[in-house]
*Asks:* 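The structure under discussion is supplied below as structure tokens; questions concerning it will follow.
Computed from heavy atoms alone, side chains included, the values below leave out hydrogens, waters and symmetry copies. Bear in mind the structure is a predicted one, so any value in this text is a computation, not a measurement.
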Amino acid sequence: MESRNDTPISEFLLLGLSKEPELQPLIFGLFLSMYLITVFGNLLIILAVSLDSHLHTPMYFFLSNLSFVDICFTSTTIPKMLHNIHIQSKVITYEGCITQINFFLLFAGLDNFLLAVMAYDRFVAICHPLHYTVVMKPWYSGMLVLVSWMMSALNSLLQSFMVLWLSFCTDLEVPHFFCEINQVVQLACSDTFLNDMVMHFASGLLGGISLTGILYSYSKIVSSIRGISSAQGKYKAFSTCASHISVVSLFYCTILGVYLSSAATHSSYSSTVASVMYTVVTPMLNPFVYSLRNKDIKRALKRIIGLSFI
């Protein structure tokens, strides 16, 4: 890669979701509502797991971490977008853009790894129930989360530093509502071959490892459930996985939809709109999926905040 220019840039322009001025108040209200729902819903999950001793298990420990990551994930992009709409500006500083890239990759990677860890937890619980408490000890659960943070942090730091070495010309308009790394790299004047290789390799490797682990875990889980003789036993075993299956499907299907839509239309605008699904909608829906389909969470919320209508 070439080094950066002698006259480094100071800012990028985020084009957002629409260029129509009359649509900006609608977009502001919609995204503010989704952001508040995301933060409030995930905070309730964290609160329920923290304050209810019945939920001090590996499964809910991973769930509370996922909720925390989802709050951070949306907070990386949405507040800046809302601020720009409010002040009628499209500017994001160069440093702010690099920082946004770093944290976006960090929390997206953590979402990916935590879903795989949660699948492994269900695999041990259903396929090896007698060894569950021996295998999934608190220190081991903490180590799995720590390794997830470390791997995601290394990936985000590597790719962020590689963007720092790129030189940019006069076209600094990012066709997105946040600094998405692929869109930013495409604006560079210098050679981006290594950046592209690292992006695709990291996505394929890290995403592939997690998805393979999830699919393997659930193939074994399905085999174990089929071996249960009673219908009640099968239902009970499946019910412990239902919420996680829903979240995994939502997360990976929306990401796949983004890449398929961008590949089919070759439109950055279509990709931007599609990316709203996994950057905003999925983190917002996760608390509802877990609270509505999980009796333990519902009981905890009733005890903590007295929501008798849950």
*Asks:* Check whether T93 reaches the backbone of G96 with its side chain - one donor and one acceptor, N or O, closer than 3.5 Å.
*Replies:* yes
*Asks:* If you draw a 6.0 Å radius around NE2 in H56, do more than 12 non-hydrogen atoms from other residues or ligands fall strictly inside?
*Replies:*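 It does: H56 NE2 has more than 12 such atoms within range.
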*Asks:* Of the non-hydrogen atoms in D121 and P58, which two are nearest, and what is the gap between them?
*Replies:*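 For D121 and P58, the tightest heavy-atom pair comes out as OD1-CB, 3.6 Å.
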*Asks:* To check you understand the geometry: which heavy-atom pair defines the closest contact between L106 and S156, and what is its length?
*Replies:*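 Looking at all heavy atoms of both residues, the closest pair is N-CB, 3.6 Å.
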*Asks:* Transitively linked via ILVMFWY side-chain contacts under 4.5 Å: L43 with I37?
*Replies:* yes
*Asks:* To the nearest 0.5 angstrom, please state how far the SG atom of C189 sits from the CG atom of L187.
*Replies:*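 Atom-to-atom, C189:SG and L187:CG are 9.0 Å apart.
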*Asks:* With the side chain counted from C-beta on, respond yes when H86 and F28 share a heavy-atom pair under 4.5 Å apart, and no when they do not.
*Replies:*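 The answer is yes, as the side chains (C-beta and beyond) meet within the 4.5 Å cut-off.
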*Asks:* Heavy-atom count around K220 NZ within 6.0 Å, excluding the residue itself: above 12?
*Replies:* no
*Asks:* Would you say V247 ends up clustered with V222 if hydrophobic residues are merged whenever their side chains have heavy atoms under 4.5 Å apart, either directly or through other cluster members?
*Replies:*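 No, V222 does not connect to V247 through the hydrophobic network.
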*Asks:* Given side chains that start at C-beta, do those of T77 and F104 come closer than 4.5 Å, heavy atoms only?
*Replies:*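 Side-chain contact under 4.5 Å: yes.
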*Asks:* For the pair F123 and H128, name the ring-plane relationship: parallel under 30°, tilted 30 to 60°, perpendicular over 60°.
*Replies:*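 The arrangement is perpendicular - the two ring planes meet at more than 60°.
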*Asks:* Is any side-chain heavy atom of R122 closer than 4.5 Å to one of T240?
*Replies:* yes
*Asks:* Look at the side chain of N42 and the backbone N and O of P283, then say whether any donor-acceptor pair between them is shorter than 3.5 Å.
*Replies:*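 Here the side-chain-to-backbone pair exists.
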*Asks:* Is it true that a side-chain atom of S64 and a backbone atom of F61 form a donor plus acceptor pair closer than 3.5 Å?
*Replies:* yes
*Asks:* Are L205 and M150 grouped together when hydrophobic residues (ILVMFWY) are joined by side-chain heavy atoms under 4.5 angstrom apart?
*Replies:* no
*Asks:* Hey, does N155 have a side-chain heavy atom less than 4.5 Å from the side chain of M151?
*Replies:*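 The answer is no; the side chains never approach within 4.5 Å.
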*Asks:* Under 4.5 Å between side-chain heavy atoms, hopping through other hydrophobics if needed: is there a path connecting L15 to F177?
*Replies:*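 Per the 4.5 Å side-chain linkage, L15 and F177 are not co-clustered.
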*Asks:* Between the side chain of S210 and the main-chain N/O of G207, is any donor-acceptor distance below 3.5 Å?
*Replies:*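 No.
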*Asks:* Please determine whether the number of non-hydrogen atoms from other residues, nucleotides or ligands lying under 6.0 Å from atom CD of E22 exceeds 12.
*Replies:* yes
*Asks:* Within the 4.5 Å heavy-atom criterion, are Y120 and V135 side-chain neighbours or not?
*Replies:* yes
*Asks:* Does S75 use its side chain to pair, donor to acceptor, with the backbone of I71 at less than 3.5 Å?
*Replies:* yes
*Asks:* Over all heavy atoms of both residues, which pair between Y132 and M59 is shortest? Give the atoms and the distance, please.
*Replies:* OH-N, 4.0 Å
*Asks:* Report the C-alpha distance between M136 and L144 in whole Å, list the side-chain angles of each, state the deciding distance to 0.1 Å, and finish with yes or no for side chain to side chain contact (heavy atoms under 4.5 Å, CB included).
*Replies:* CA-CA 10 Å; M136 300 303 296; L144 289 174; 4.1 Å; yes
*Asks:* Say you draw a straight line from CD1 of I225 to CD1 of I126; how long is it, rounded to the nearest 0.5 Å?
*Replies:* 5.0 Å
*Asks:* Sub-3.5 Å donor-acceptor pair from the side chain of Q159 to the main-chain atoms of N102, do we have one?
*Replies:* no
*Asks:* Quick one: which of Y60, Y218, Y290 gives a ring-ring contact (aromatic ring centres under 6.0 Å, His included) with H244?
*Replies:* Y218
*Asks:* Cut-off 3.5 Å, side chains only: do Y235 and S230 have a donor facing an acceptor?
*Replies:* no
*Asks:* Hey, are the side chains of L55 and I297 touching, using non-hydrogen atoms and a 4.5 Å cut-off?
*Replies:* yes
*Asks:* Looking at every non-hydrogen atom in both residues, tell me the closest pair between T38 and D70 and how far apart they are.
*Replies:* CG2-O, 4.4 Å
*Asks:* Hey, does the side chain of Q24 reach the backbone of E20 with a donor-acceptor pair shorter than 3.5 angstrom?
*Replies:*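 Pair found, side chain donor or acceptor close to backbone of E20.
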*Asks:* Look up atom CD1 in I98 and atom SG in C179, then write down how far apart they are to the nearest 0.5 Å.
*Replies:*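 Spacing of CD1 (I98) from SG (C179) equals 7.5 Å.
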*Asks:* Does any part of the side chain of I45, heavy atoms only, come nearer than 4.5 Å to the side chain of N286, both counted from C-beta?
*Replies:*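 With C-beta onward as the side chain, the pair stays apart.
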*Asks:* Students often mix this up, so state it plainly: with edges at 30° and 60°, are the rings of W149 and F107 parallel, tilted or perpendicular?
*Replies:*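 Ring orientation, 0 to 90° scale: perpendicular.
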*Asks:* By the rule that ILVMFWY residues connect when side-chain heavy atoms come within less than 4.5 angstrom, directly or transitively, which residues belong alongside L13?
*Replies:* V91
*Asks:* What's the separation between atom OG1 in T74 and atom CG in L36, rounded to the nearest 0.5 Å?
*Replies:* 10.0 Å
*Asks:* Would you confirm whether the ring centroid of F12 sits within less than 6.0 angstrom of the ring centroid of H176?
*Replies:*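 No, too far apart.
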*Asks:* Do the side chains of S291 and L44 get nearer than 4.5 Å, heavy atoms only?
*Replies:*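 Not in contact.
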*Asks:* Taking only residues two or more places apart in sequence, or in another chain, which ones meet C241 in a disulfide (SG to SG under 2.5 Å)?
*Replies:*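 Result, disulfide (SG to SG under 2.5 Å) vs C241: none returned.
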*Asks:* Can you name the closest pair of heavy atoms from A119 and I221 and give their distance?
*Replies:*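 Heavy atoms only, the tightest pair is O-CD1, 4.4 Å.
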*Asks:* Output yes when a side-chain donor or acceptor of S160 lies under 3.5 Å from a complementary backbone atom of L157, and no otherwise.
*Replies:*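 Looks like no, no N/O pair under 3.5 Å.
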*Asks:* Are V117 and L215 connected in a single hydrophobic cluster, I mean Ile/Leu/Val/Met/Phe/Trp/Tyr linked by side-chain heavy atoms less than 4.5 Å apart?
*Replies:* yes
*Asks:* Is the distance between the ring centroids of F103 and F73 under 6.0 Å?
*Replies:*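 Not under 6.0 Å, so no.
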*Asks:* Side chains of Y278 and D111: any donor to acceptor distance under 3.5 Å?
*Replies:*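 No pair is found: no donor N or O on one side chain lies under 3.5 Å from an acceptor on the other.
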*Asks:* What's the separation between atom CD1 in I181 and atom SG in C97, rounded to the nearest 0.5 Å?
*Replies:*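 Those atoms lie 9.5 Å apart.
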*Asks:* Supply the atom-to-atom distance L105 CG to E180 CD, rounded to the nearest 0.5 angstrom.
*Replies:*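 Atom-to-atom, L105:CG and E180:CD are 8.5 Å apart.
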*Asks:* Atom CZ of residue position F68 - does it have more than 12 heavy atoms of other residues, nucleotides or ligands inside 6.0 Å?
*Replies:*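 It does not: F68 CZ has 12 such atoms or fewer within range.
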*Asks:* Hey, does the side chain of N112 reach the backbone of L206 with a donor-acceptor pair shorter than 3.5 angstrom?
*Replies:* yes
*Asks:* Where is the tightest heavy-atom contact between L172 and F168, given as atom of each residue plus distance?
*Replies:* CD2-CB, 3.8 Å
